[in-house]
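To keep things clear, I will list the structure first and then write my remarks on it.
Keep in mind that this is a model prediction, so the values were computed, not measured. For the numbers below, each heavy atom of this structure counts, side chains included, while hydrogens, waters and symmetry mates do not.
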Amino acid sequence: MFSVGATTTVSAQKMAKTVMVGGAAMYPTKNIVENAVNSKDHTTLVAAVKAAGLVETLQSAGPFTVFAPTNDAFGKLPAGTVETLVKPESKETLTKILTYHVVAGRMTAADLMKAIKAGKGTATLKTVSGGTLTAKMKGKGIELKDEKGGMSMVTIADVMQSNGVIHVVDTVLLPN
């Protein structure tokens, strides 16, 4: 039974399409980190993941659902925030923010929409950091609300990875 599931996963990955993000192909056969390092739109996120010491975690089997903020999303934060967060003394805060963008398991856009429908318009997502994100539909897109009331739109959904899925978002999500 276990091997059938593994075969299904491999088959699904082979059938998943390669998506372009930040000018680079995101291959479904590569893990989250292997793909993210090639995206010109995610250099800040990659630097933050390295500073927080999360590379090994995001290369593990997972699966993970990652809401990946772009460089422009990080640019919306107050001046000096990113520079402060990547300092060694801010590692705990940075780790909390980054793991707040991760949900255990593989949730495609269809899965998110199904959860939103089942929740009568909203879905509460438990993040790896222990916080919650609230997902809802906005037009044909998916909008996320963080614990501070901030809103972020999924701009590219279903970037399939060998160990999960990435949804590109336009704003950094902040936990309480």
Honestly curious: do V165 and V19 fall in one hydrophobic cluster under the side-chain, below-4.5 Å linking rule? no
Do V33 and Y100 sit in one hydrophobic cluster, given that two such residues count as connected whenever their side-chain heavy atoms are within less than 4.5 Å of each other, even indirectly? no
Using side-chain contact (heavy atoms from CB on, under 4.5 Å), reason through L144 and M151 one step at a time and then give a plain yes or no. CA-CA 6 Å; L144 300 167; M151 306 300 265; over 6 Å; no
Listed by chain and number, what are the ring pair (Phe, Tyr, Trp, His ring centres under 6.0 Å) partners of F67, not counting sequence neighbours? H167
Within the distance-only criterion (no hydrogens, no angle test), does the side chain of T127 pair as donor or acceptor with the backbone N or O of G131 below 3.5 angstrom? yes
Main-chain N/O of T132 paired with E147 side-chain donor or acceptor, under 3.5 Å: yes
Taking all atoms of both residues into account, what is the closest heavy-atom pair of V172 and P69, and its distance? CG2-CB, 3.9 Å
Is there side-chain contact between V103 and K126, with at least one heavy-atom pair below 4.5 Å? no
Backbone of M26 reached by a side-chain donor or acceptor of N38 within 3.5 Å: no
Donor-acceptor pair, E143 side chain versus G141 backbone, under 3.5 Å? no
Donor-acceptor contact below 3.5 Å, side chain D41 vs main chain V21: no
Which heavy atom of D111 sits nearest to which heavy atom of R106, and what is that distance? OD2-O, 3.5 Å
Does V168 share a hydrophobic cluster with F74, counting links as ILVMFWY side-chain heavy atoms below 4.5 Å and allowing steps through other members? yes
I156 versus I166: any side-chain heavy-atom pair under 4.5 Å? no
When Q161 is tested against each of V66, I32, T65 for side chain to side chain contact (heavy atoms under 4.5 Å, CB included), which residue passes? I32
T171 side-chain N/O to S152 backbone N/O, donor-acceptor pair under 3.5 Å: no
Atom CD of E83 and atom OG1 of T81: how far apart are they, to the nearest 0.5 Å? 8.0 Å
Listed pairs under 3.5 Å, donor-acceptor, residues 49-62 side chains, sequence neighbours left out:
unit_1: S60; atom_1: OG; unit_2: T57; atom_2: O; d: 2.6

Hey, is the main chain of A25 close enough, under 3.5 Å, to the side chain of T18 for a donor-acceptor pair? no
For E92, is the CD atom crowded, meaning more than 12 foreign heavy atoms sit under 6.0 Å from it? no
Which heavy atom in G22 sits nearest to a heavy atom in S39, and how many Å separate them? CA-OG, 3.6 Å
Apply side-chain hydrogen bond (donor to acceptor under 3.5 Å, both in side chains) to the pair D158 and T108, showing each step before the final yes or no. CA-CA 6 Å; D158 293 342; T108 65; 4.6 Å; no
According to a 4.5 Å side-chain heavy-atom criterion applied to Ile, Leu, Val, Met, Phe, Trp and Tyr, with indirect links allowed, do V154 and V159 form part of one hydrophobic cluster? no
Can you check side-chain contact (heavy atoms from CB on, under 4.5 Å) on N31 and S162, steps first, answer last? CA-CA 5 Å; N31 70 46; S162 65; 3.6 Å; yes
Return the minimal non-hydrogen interatomic distance between L125 and A135, and the atom names on each side. CD1-CB, 4.3 Å
Nearest non-hydrogen partners of L174 and D146, listed with the distance: N-OD2, 2.8 Å
Are the side chain of N35 and the backbone N or O of Y27 linked by a donor-acceptor pair below 3.5 Å? yes
Would you check if the side chain of K17 reaches a backbone N or O of M160 as a donor-acceptor pair within less than 3.5 Å? no
To the nearest 0.5 angstrom, please state how far the CG atom of N71 sits from the OG1 atom of T44. 3.5 Å
Please determine whether side-chain contact (heavy atoms from CB on, under 4.5 Å) holds for the pair L98 and L45, giving the CA-CA distance in whole Å, both sets of side-chain angles, and the decisive distance to 0.1 Å. CA-CA 9 Å; L98 292 175; L45 177 61; 3.7 Å; yes
Distance check, rounded to the nearest 0.5 Å: I116 atom CD1 versus T124 atom OG1? 10.5 Å
As an exercise, state the distance from CG of N163 to NZ of K30, rounded to the nearest 0.5 Å. 13.0 Å
Members other than M153 in its cluster, when Ile, Leu, Val, Met, Phe, Trp, Tyr link by side-chain heavy atoms under 4.5 Å? none
Is the backbone of D170 close enough, under 3.5 Å, to the side chain of K76 for a donor and an acceptor to pair up by distance? yes
Taking every non-hydrogen atom, the tightest pair across I97 and L173: CG2-O, 4.0 Å
